[in-house]
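All remarks here apply to the structure that follows.
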2 protein chains.
Amino acid sequence: MDTAERLLALLGLLQHRAHWPADELAERLGVTARTVRRDVVRLRGYGYPVEAFAGHGGGYQLGRGARLPPLLLDDDEVLAIAVGLGAVGGLAIAEIDQASLSALAKLEHLMPVRLRSRLEALEAAIATVGPAAGNPAATTPVIDRRTLTSIAHAVHQRTVLEFDYVDGREARSRRTVEPARLVRAGLRWYLAAFDVDRDDWRTFRLDRIGAVEVSDRRFVPRAGPDPVDLVSRAAPPSSYPHRVRVVVAATAADVRRHVPVVLGHVAAADDGSTSVLEIGTDDLAWAVTYVLGLPFEVEVVGPPAARAMLARRAGELAERHTSG
Amino acid sequence: MDTAERLLALLGLLQHRAHWPADELAERLGVTARTVRRDVVRLRGYGYPVEAFAGHGGGYQLGRGARLPPLLLDDDEVLAIAVGLGAVGGLAIAEIDQASLSALAKLEHLMPVRLRSRLEALEAAIATVGPAAGNPAATTPVIDRRTLTSIAHAVHQRTVLEFDYVDGREARSRRTVEPARLVRAGLRWYLAAFDVDRDDWRTFRLDRIGAVEVSDRRFVPRAGPDPVDLVSRAAPPSSYPHRVRVVVAATAADVRRHVPVVLGHVAAADDGSTSVLEIGTDDLAWAVTYVLGLPFEVEVVGPPAARAMLARRAGELAERHTSG
DNA sequence: ATCTCTGCGGACCGTTCCTGTCCGTGGATC
DNA sequence: GATCCACGGACAGGAACGGTCCGCAGAGAT
C-alpha cells in the first residue's frame, strides 16, 4: 500500500468511525504511529481538518472544514443516498433540481453492479411519493427514472442520444440529438437538445420520449440558445389541459408548506387568512384526490368538471360512512 | 502539490466532468501527461477503473468498479444529497433506515459552515412530505431533524448525551446517557441508551426528548441487551392510541405502492381485489386526512370516532361543492 | 489506405520524499 | 503525580517520483 492509497484509506477510516487512536490507525494501515501522524499532517495540509485529542481516550477525528472531504461510503449509505436523490427528484426543488439529477446520474454511473440490483429492488418496493403519488393511472406524465438519469448522464458526458419521440400531433419519429440540458417546467421535464437530422435546436417532453439509446459517440457542445429560454418558449405554463383552482382555509404560508412549488401556485386571498391554490395537471382525477388529502378545509372553485368530481367523491364517501 | 493530493484532485476532476484528454488533465494538475498516465495506472491499482479511449476525441473517463470511488461533491450536490437523505428519513424504508440516518449525521458533521446555512434555508422552504405531511397540528410525533441527527451523531461518535425527557406519566427529568442506537418502531423513533444516573438501560421516545446537549465526553460502549429487543419490549405495536382500519378497493400490492410500510399494515381481504389497511397513529384527524387522499375507494371501518370524523368531513365537502 | 491524434508504457536518471527509529515535550485525564 | 497519548525534530537508508525521450498501437478522419 503506497502513500496515496494509505491516505485514502485513512480518510475512509476516519469517516467510518468517528474516533481513532493513533496506533489503532497505525495497525490498520500497516505502518507505524509516526507515519500516521505524518499522514494526518498531510491531510490537514490538503484542507481536511483532522482534530486530535491528547490524554486518556485521545485520538483523531475528522472535523468540519472549508470543503467536504472525499466521501467514502459503504453500500447501505450509497443506497440511502441514491434513494434519497430519487425522492428529491420527486420533490422538485428549484434550487437543487439539476444538482440532484446530476448527482444521481453520477452515482448510478459509478455504482458497482452489485449495488445497482439492490437499488432497483429497493425502488420497486418503495411507495411512490411526491407529485406522482396517488396516480396509479399514470396519465400525469410519470417518467421512468432510468430514462431521466440516462439522459442526464448523456448531457453530462456529452454523448449523442437516440430515442423515439411522439410530438404534440401524435407523430412518431426517431431522433438523434446532442443533448444540452434537462429543464423542469412545472410537473414536466424537457430536454433541450440539438437535433442532428433537423439541424436545429429542439425541445422534447421526457414523457413522450421512449426507447432511449445512449451512443458512445461524443460531441463538442455547440453554441446555441439558452436551454431554459428554449423550453419556456416551447412550453408555456398554460399548456396544461386542466387548471384546478381551490380556495383553501389557511394562510398562503401554511399551504406552501404542504404543496411543492412545482405542483401548483399559491396566492393569498384578499382576507389573508384564506388562500387560492392553482394546480396545473394532465389528470383531473389525480388533482381532485390530491386536494382531498390536504389537511385543510378546501373548496374547488373550478373548473366545473373538477368541482363536480369532488362533489361526487365526497358524496360517495359520506354515504358510505353514514349508513351502516 | 504532492502525489497524494494530485491523485485526489484527479479523482475529483474525473468526477466533475465525464471525459478528459490526458494533456488537459496534465495542465490542470501541473504535471506532464506522462505523470498523468502514471497516476491513472495508480488509480486503477487502487480499484478505481479509469477507462481510456485512444484516437480523435480520446481521453479518460471514470468507470464502474468493484466499489464506489471517494466522492468529491460540489456544493449543490451535497445539498441535494442532504435534502434527499432527509426525505428518506420520512419514507422510513427499513433496509436503509439506519444508513440514511448515519449518512446524514456524517454529512452534516463534515459539511462546511457555508453549506449548513444554505441547507437550513432550503429545509425551511421545503414542503413537508412523507408520513408527517398533512399534520400542521403536529400531535403526531414530529421530530426535529436536528435532534435526530445530533443523536445519531452522538451514537456514532460515542459521546455522552444529555437531554430533558418527559416520560409516559408526564414526569420531567434531565437524563445523562450513553447512547447505543436509534431504533424506528412504526412512526416513532426511539433511542436505546444506558442511563448513567439510573445505572441501567433505558429506551426514550425521541418526540419526548428536548434540549439535547451533546457533550464531548466519550465513552466505551458497554455490553448490553440488543437495542432493537429493548425497544420492541418497551414499545409494543399496540402502543398507539388509535388504530384506524380501512377497507380499500384495490389489491394489497397496489395499496402498498402508496402507503409507506411504517405508516400502516396492509393485508389482502378474502376476495383478493380489496385490502385492509391498518394505521397506528396518535392523531386521528391526521389519519383521516391521509385516508381521504388515497387514490382509491376507501371505507373506514373503525374505530367509530374515525368513521364519524370521515363522514363529517366528506359531508361538509359534499355540501360545499353541490351548493352554488 | 494513409495520416493524425491520443493513449501506452519501457528506460534512464537526478532528486525528492518517505518511513522507521529514537526521543524529549506538553496537554489531558485519572 | 502518574499515565496516556499526540506532537514533532533529527537522522539515514531506501524507495518513489517525475521529467525526458521514444517507439508502439488503436481509433477516427481524410
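Naming: A, B, ... by sequence-line order, numbering from 1 per chain. None of these values were measured; they are calculated from a predicted model.
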Task: Nucleotide D/dG18, atom P - distance to CG of B/Leu10 in whole Å - done: 12 Å
Open item on the list: Categorize B/Arg217 for me: base, sugar-phosphate, or nothing, with a 4.0 angstrom heavy-atom threshold over every strand shown.
Closed with: nothing
Open item on the list: Check the phosphate of D/dA6 against A/Arg38, side-chain N and O only, distance under 4.0 Å to OP1 or OP2. Yes or no?
Closed with: no
TODO: Check whether any side-chain N or O of A/Thr32 sits under 4.0 Å from OP1 or OP2 of C/dT19, and answer yes or no.
DONE: no
Task: Any B/Thr35 side-chain nitrogen or oxygen under 4.0 Å from OP1 or OP2 of D/dG19 - done: yes
Open item on the list: Tell me whether the side-chain N or O atoms of B/Arg34 pair up with the base of C/dG7 as donor and acceptor below 3.5 Å, since no angle test is needed here.
Closed with: no
Task: Residues A/Glu24, A/Arg17: salt bridge by 4.0 Å N-O rule - done: yes
- [ ] Give B/Val40 one of three labels, base, sugar-phosphate or nothing, depending on what nucleic acid heavy atoms sit under 4.0 Å from its own.
- [x] nothing
Task: Any donor-acceptor N/O pair, B/Tyr165 side chain to B/Arg205 backbone, under 3.5 Å - done: yes
Task: Between C/dC18 (C1') and A/Asp2 (CG): distance, integer Å - done: 11 Å
Open item on the list: Please report the distance, rounded to the nearest Å, between CG in A/Asp39 and C1' in D/dA6.
Closed with: 15 Å
Open item on the list: Quick test of your reading of the model: are B/Arg6 and B/Asp39 salt-bridged, counting only N-O distances below 4.0 Å?
Closed with: yes
TODO: In whole angstrom, give the distance that lies between atom CG of B/Leu25 and atom P of C/dC8.
DONE: 11 Å
- [ ] Would you mind telling me which of C/dG9, C/dC8, C/dT6 lies closest to the side-chain atoms of B/Tyr60?
- [x] C/dC8
Task: Contact under 4.0 Å: B/Arg6 side-chain N or O vs D/dG18 OP1/OP2 - done: yes
Open item on the list: Output the rounded distance in Å from CH2 (B/Trp20) to C1' (C/dC5).
Closed with: 19 Å
Task: Presence of salt bridge, B/Glu51 and B/Arg44, under 4.0 angstrom - done: no
TODO: Send over the distance from A/Glu51 CD to D/dA6 P, rounded to a whole Å.
DONE: 14 Å
Open item on the list: With nearest nucleotide decided by heavy atoms, which residue, A/Val50 or B/His56, maps closer to the 5′ end of DNA chain D?
Closed with: A/Val50
Task: Minimum-distance nucleotide (side-chain atoms of A/Ala54 versus C/dG9, C/dT6, C/dG27) - done: C/dG27
TODO: Give a yes-or-no answer on whether the side chains of A/Thr176 and A/Arg174 include a donor-acceptor pair shorter than 3.5 Å.
DONE: no
Task: Nearest-nucleotide comparison on DNA chain C, the residue closer to the 5′ end among B/Gly59 and A/Gly57 - done: B/Gly59
Open item on the list: Expressed as a whole number of angstroms, how long is the span from A/Met1:CE to C/dT19:C1'?
Closed with: 15 Å
Task: Whole-Å distance separating the CZ atom of B/Phe219 from the C1' atom of C/dT29 - done: 18 Å
Open item on the list: Is there a side-chain contact between A/Thr3 and the phosphate of C/dT19, meaning an N or O under 4.0 Å from OP1 or OP2?
Closed with: yes
Open item on the list: At less than 3.5 Å, do the side-chain atoms of A/Arg37 and the base atoms of D/dG8 form a donor-acceptor pair?
Closed with: yes
TODO: Would you mind checking if A/Arg208 and A/Asp164 are paired as a salt bridge, meaning a charged N to carboxylate O distance below 4.0 Å?
DONE: no
